[in-house]
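As the structure is a computational prediction, the values presented were derived from the model and not from experiment.
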Amino acid sequence: MAWLPDVIKACYFLAALLFILGLKRMSSPRTARGGITWAGVGMLLAVLATLALPDIGNRGLILAAVLIGVSAAWWSGRRVAMTDMPQMVALYNGMGGGAAAAIGAVELIGYSGQSITLLGGDQFTAGGASAPGTMQLALAVLGALIGAISFSGSLIAFAKLQGWLDKRFVFPAQRAVNMLVLAVAVGMGVAIACGQLSLPLIAAFFALSLLFGLMMTLPIGGADMPVVISLYNAFTGLAVALEGFVLQNEAMIIAGTVVGAAGTLLTQLMAKAMNRSIGNVLFGSFGASGAAAQDIGGAQKPIEAADAAVMMAYAERVVIVPGYGMAVAQAQHKVWEFAQALIARGVKVKFAIHPVAGRMPGHMNVLLAEAGVPYDLIADMEDINPEFPVTDVALVIGANDVVNPLAKTDPASPIYGMPILDVSHAKHVIVVKRGKGTGFAGIENALFYADNARMLYGDGQAAAGQLVTELKTLDT
Amino acid sequence: MIDGFLALYIFMLAAFTGYEIIARVPVILHTPLMSGSNFIHGIVLVGAMIALGHAHTSFEIAIGFLGVLLGAGNAAGGYVVTERMLEMFKSSKPGVSDKESK
């Protein structure tokens with residue numbers, strides 16, 4: 001079996017090659033689907049090769065864990081709704097970070113005093129290397145730190161996007177406390193890398209690393225989450241590469257590094273598309289929105305579905321502004337049904353789409369097209385903005401930041417400078433919204449307090465359904 | 001096996017590769033690409049398998065097991081999600097060209 005190690009090495013090489021080619025193909029819409037298949041083949045090769053490694057123990061446990069992990073993730077990935085994709089990416093990314101941290105933990109604990117006494121000396125081998133050098137320890141520690149931050153941070157990002165964590169978690173001197181936690185974690189890491197391999201220290205190091213990931217992510221608003229997830233994606237890639245160095249596994253080093261670099265660039269591109277810098281996303285908006293919120297006078301004024309339906313039924317021009325919330329509520333079919341009913345009554349209806357509507361660029365157009373909305377009724381921001389002053393009713397469904405006038409008027413607002421749909425210029429604005437909260441981005445919206453704005457509280461789908469029903473009763 | 005400087009060279013070249021591949025990507029593909037690269041670092045599964053394969057004490061085995069579980073989730077979940085998303089982008093393409101031709 002002298003050929004086996006070479007075959008395994010060749011498999012790792014092929015896997016790395018397929019990953020790079022796959023990623024290359026994924027960066028063009030024409031070849032994207034083939035790209036993921038290529039990368040998938042590479043992954044399969046690498047996993048099979050690893051199972052064939054001669055010095056691997058616990059094979060039964062490995063197989064069991066792989067089977068459980070794969071089937072659970074496969075099942076959840078298959079059934080998740082398209083609109084929930086970003087948080088699933090966050091979840092799977094967090095898992096990768098956690099796995100990288102776990103590798104670091106196993107290696108470090110393996111090196112630690114306990115294992116040495118258990119094995120009666122320094123005869124143990126870990127990842128094919130004998131006694132750990134400082135370099136190896138440092139890489140394991142660094143990979144574990146980054147992986148752990150990515151793990152707990154991604155879980156928070158997942159929880160926020162899933163709507164389990166609506167509030168932004170902010171307290172005074174937060175940045176200083178966060179930095180202190182990170183500094184202590186790094187200090188412990190340095191001590192571990194210098195050979196202080198005691199179990200309590202390792203445990204404390206991991207606890208603080210995880211804590212820092214939590215605390216770093218908690219204050220960031222939901223709208224910035226895609227950028228944060230992309231950043232953690234790059235983090236996980238880097239952590240994987242570092243642990244790859246520790247384990248002397250070339251496929252991990254190359255795949256992890258490629259993802260780390262690509263993820264960093266992707267993060268920058270995304271932040272740019274959202275008119276933000278990465279530093280601004282991570283540290284910038286603390287408290288700023290709180291100050292802005294206090295400046296908004298007045299109250300949100302509710303409206304009943306019946307009144308809203310009447311208002312639009314007798315309007316001349318209605319512009320519907322759909323946002324991510326509409327997609328979440330799967331309300332696009334009902335909204336289109338309502339729009340058709342309005343058109344049948346002679347109302348001129350248009351849909352206005354903001355460039356960053358939805359979580360995926362281009363996503364909103366697809367959703368509306370699938371619901372049957374013709375293209376000539378869908379208008380871009382530049383085309384529709386001049387029309388708002390002559391619009392009788394602007395119906396905002398599930399959109400928030402992209403219609404927030406604070407982006408124009410309040411330099412303290414985190415979204416200041418972002419181009420918006422000038423919905424507030426319409427004669428009347430009706431906002432369909434689940435509740436009174438600040439919503440996804442955690443930013444107060446001055447539109448909701450405007451004199452010409454009325455709030456129709458309720459789930460997007462239910463509200464659209466009510467509007468359709470009320471419109472029908474008008475005719476009978 | 002891999003000495004320090006060789007490792008640094010690999011790191012440098014791989015980093016440039018990743019950067020160059022992504023450098024000219026249309027905005028519309030940002031999310032699937034993030035998901036795709038998320039799948040690729042699922043290679044961490046291989047490392048977790050090696051770590052579990054070398055684990056001795058029951059504590060190490062427990063953490064290694066968790067690592068393999070998480071790594072497998074990363075790889076499988078990342079693949080499924082990316083594939084589904086890219087499928088959607090394929091179906092959306094005729095729509096986009098339709099719009100442009102109008």
Exercise. Please determine, among A/G98, A/S76, A/A39, the option with the most heavy-atom pairs under 4.5 Å with chain B.
Key: A/A39

Quiz item: If you count heavy-atom pairs under 4.5 Å with chain B, which of A/T264, A/L91, A/V240 comes out on top?
Solution: A/V240

Quiz prompt | Expected output: side-chain A/R33 to main-chain B/E83 donor-acceptor under 3.5 Å | solution = no

Quiz item: So what's closer than 4.5 Å to chain B heavy atoms on A/Y232: side chain, backbone, both or neither?
Solution: neither

Quiz item: How far apart are the closest heavy atoms of B/I43 and A/A46, and which atoms are they?
Solution: CD1-CB, 3.6 Å

Self-check item: Considering all heavy atoms, the nearest A/V47-B/M49 contact
Solution: O-CE, 3.7 Å

Quiz item: Among B/I61, B/I21, B/T17, B/T82, who wins on heavy-atom pairs under 4.5 Å with chain A?
Solution: B/I21

Self-check item: Rounded distance [0.5 Å steps], CD in A/E250 versus CG in B/L6
Solution: 9.0 Å

Quiz prompt | Among the listed options B/L45, B/V46, B/V68, the residue most often paired with chain A at heavy-atom distances under 4.5 Å | solution = B/V46

Self-check item: Residue, of A/T236, A/I20, A/L265, A/V89, that accumulates the most heavy atom pairs under 4.5 Å with chain B
Solution: A/L265

Quiz item: If you take all heavy atoms of A/A73 and B/G73, which pair is closest and at what distance?
Solution: CB-O, 3.4 Å

Exercise. Measure A/R25 against the heavy atoms of chain B and call it side chain, backbone, both or neither at under 4.5 Å.
Key: neither

Quiz item: Quick one: does A/R78's side chain have a donor or acceptor within less than 3.5 Å of a partner on B/V80's backbone?
Solution: no

Quiz item: Do other residues, nucleotides or ligands put more than 12 heavy atoms under 6.0 Å from the CE atom of A/M135?
Solution: no

Quiz item: Salt-bridged, A/K24 to B/E20, with N to O below 4.0 Å?
Solution: no

Quiz prompt | Option that, when pairs with chain B are counted at under 4.5 Å, heavy atom only, ranks first among A/G40, A/G256, A/G147, A/G97 | solution = A/G40

Quiz prompt | chain A contact via B/L13 - side chain, backbone, both or neither, heavy atoms under 4.5 Å | solution = neither

List the atom pairs, with distances to 0.1 Å, where a side-chain N or O of residues 56-68 of chain A and a protein N or O form a donor-acceptor pair under 3.5 Å, not counting sequence neighbours.
from: A/N58; atom 1: ND2; to: B/L52; atom 2: O; distance (Å): 2.7
from: A/R59; atom 1: NE; to: A/L51; atom 2: O; distance (Å): 2.9
from: A/R59; atom 1: NH1; to: A/I56; atom 2: O; distance (Å): 3.3
from: A/R59; atom 1: NH2; to: A/L51; atom 2: O; distance (Å): 3.0
from: A/R59; atom 1: NH2; to: A/L53; atom 2: O; distance (Å): 2.6

Quiz item: Between A/L238 and chain B, which part of the residue has a heavy atom less than 4.5 Å away: side chain, backbone, both or neither?
Solution: side chain

Self-check item: Contact origin within A/A72 toward chain B - heavy atom pairs under 4.5 Å
Solution: neither

Self-check item: Nearest atoms (heavy-atom pairs only) where A/A99 meets B/G67
Solution: CB-O, 3.4 Å

Quiz item: Between atom OG1 of A/T257 and atom NE2 of B/H41, what is the distance when rounded to the nearest 0.5 Å?
Solution: 12.5 Å

Self-check item: A/S230, part contacting chain B, at a heavy-atom distance under 4.5 Å
Solution: both

Exercise. Pick whichever of A/I254, A/T37, A/V80 has the most heavy-atom pairs under 4.5 Å with chain B.
Key: A/V80

Self-check item: Member of A/V106, A/D55, A/I103, A/N249 meeting the side-chain contact (heavy atoms from CB on, under 4.5 Å) criterion with B/I50
Solution: A/N249

Quiz item: Which one of B/S35, B/G78, B/A76 has the most heavy-atom pairs closer than 4.5 Å to chain A?
Solution: B/A76

Exercise. Would you mind checking which part of A/M88 comes under 4.5 Å of any heavy atom in chain B, side chain (CB onward), backbone (N, CA, C, O), both or neither?
Key: side chain

Practice problem: Starting at CG of A/L266, measure out to OG of B/S37 and round the result to the nearest 0.5 Å. | Solution: 6.0 Å

Practice problem: Using side-chain contact (heavy atoms from CB on, under 4.5 Å) as the criterion, list what pairs up with B/L66, not counting sequence neighbours. | Solution: B/L70

Practice problem: Go through the atoms of B/A62 and report whether side chain, backbone, both or neither lie under 4.5 Å from a heavy atom of chain A. | Solution: neither

Exercise. Describe, in one word, how the ring planes of B/F39 and A/F19 are oriented to each other, choosing from parallel (under 30°), tilted (30 to 60°) and perpendicular (over 60°).
Key: perpendicular

Quiz item: How about A/I229 and B/M34: do any of their side-chain heavy atoms sit closer than 4.5 Å?
Solution: yes

Practice problem: For each of B/I63, B/I40, B/L69, B/L33, tally heavy-atom pairs with chain A at distances under 4.5 Å, and name the one with the top tally. | Solution: B/I40

Quiz prompt | Residue pair B/N74 / A/N93, side-chain heavy-atom distance below 4.5 Å | solution = no

